[in-house]
Amino acid sequence: ELFLSRAFAIAISSPTPPVLCVDTTAYGQDYVPYIKETRGQKFVKAEEKKEKTVYDDEFEKLLAEAEHQGGSMEDGDIDALAEILGASSLLGSVDITSCSRPGLETGLKSPLADIRAAKVEQEVDMTEVNEIEVEETVAQIKNNDSSLTTCCFNNVQMDTEMVDSITSAMVRNTSVTKLEMCNCGVVDANIEGFITMLRSNKTLTSLSLETNKIAGKFLVELIKCLDTNETIKELRIANQYYSTGVGDEMAIAKALDKNSSLCKFSLNWKNGGSRNTADRIIMRNNDLARKKRRGLA
């Protein structure tokens, strides 16, 4: 014990650390001392992506420079500039619940248009003055004038009797192929006349009833009458004053499935499932029309 304590004291006081000797013969001839190695690529933590932030001062400075160089800027130019700067995500979209009531939008319009909506919706100028003579045109429809193929009554406010006279005249007409009655004051009481017209008329291919005051349940009845119509190809009923409910939209999508000729259809959908169903039906009808044109059906 005294020897060991002295040896330990000498080892501690020695400036050079003691060398540990390992007897390799105790482990055999294949003994390899352990050496710590790092294999493969060294892990490097990826840098977090920083979002591009546009400050108000910078945006206003760019706007001022653009106006100074090229005059006044329009809304489209500002939207494009915001998109380039990465500020397009700060712009909201139109409130979907206010689409059915013109002029009551609560949000900002997005600079990136909805591709799905652009396929089926077409804006109608509500400020355009329509100088059509309604009574003379109705007389031409009743007389089945062959020179009259398109009737555009857009932006002409009518009473219930005048709308009914147009639909009753269209029942036996064989020359008019396109009827536009957007923003004409069409109400629920006139839908029965349109249903009779669509069941009897075999010439009309396009009907537009956008921006009127038709409730959802009457729109459902209008679509249901297309189960026997094989000539209508375009129907536009979007932008009604009364918003449609989820049940009405599901019924509309179900009724569309029974028609095989409609290739264009517009409605302010709020239920994504019903909209997807209607889109598939319209795609199916377009495919059937293409096959008919090529003689494959």
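- For the pair L219/D248, no side-chain contact is recorded, criterion being any heavy-atom separation below 4.5 Å from C-beta on.
- I237 and E210 get closest at one heavy-atom pair: N-CG, 4.1 Å.
- Residue A251 comes nearest to V220 through the heavy atom pair CB-CG1, 3.8 Å, listed as atom of the first residue, atom of the second, then distance.
- Within the 3.5 Å criterion, the main-chain N or O of S243 finds no donor-acceptor partner in the side chain of N268.
- Across all their heavy atoms, N173 and V176 have their closest contact at OD1-N, 2.7 Å.
- Grouped by direct or indirect side-chain proximity (heavy atoms under 4.5 Å, Ile/Leu/Val/Met/Phe/Trp/Tyr only), M250 sits with V246.
- With N201 contributing its side chain and M197 its backbone, the two residues share no donor-acceptor pair below 3.5 Å.
- The salt bridge (charged side-chain N to carboxylate O under 4.0 Å, His left out) search around D145 returns none, not counting sequence neighbours.
- No donor-acceptor pair under 3.5 Å is formed between the side chain of N130 and the backbone N or O of V156.
- At least one donor-acceptor pair under 3.5 Å links the side chain of N286 to the backbone N or O of C263.
- In this structure the side chain of V163 reaches within 4.5 angstrom of the side chain of F194, judged on heavy atoms.
- Here the side chain of T149 pairs no donor or acceptor atom with the backbone of T177 at under 3.5 angstrom.
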Chi angles and distances behind the salt bridge (charged side-chain N to carboxylate O under 4.0 Å, His left out) call for R284, D287:
CA-CA 5 Å; R284 179 202 65 186; D287 189 49; over 6 Å; no

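- In terms of heavy atoms, Q240 sits closest to I214 at OE1-N, 3.2 Å.
- Scanning for side chain to side chain donor-acceptor pair (under 3.5 Å) contacts around K178 gives E180, with sequence neighbours left out.
- Looking at heavy atoms from C-beta onward, T231 lies out of side-chain contact with S261 at the 4.5 angstrom threshold.
- Here the CD atom belonging to Q157 is positioned 5.0 Å from the CG atom belonging to N183, to the nearest 0.5 angstrom.
- In this structure, the side chain to side chain donor-acceptor pair (under 3.5 Å) partners of T174, at least two apart in sequence or on a different chain, are N144.
- Every pair passing salt bridge (charged side-chain N to carboxylate O under 4.0 Å, His left out) that includes a residue from residues 192-208 is listed here, sequence neighbours excluded: R199-D227.
- The shortest distance between side-chain heavy atoms of T137 and C151 falls below 4.5 Å.
- Judged as a salt bridge (charged side-chain N to carboxylate O under 4.0 Å, His left out), not a single pair has a partner in residues 149-169 (not counting sequence neighbours).
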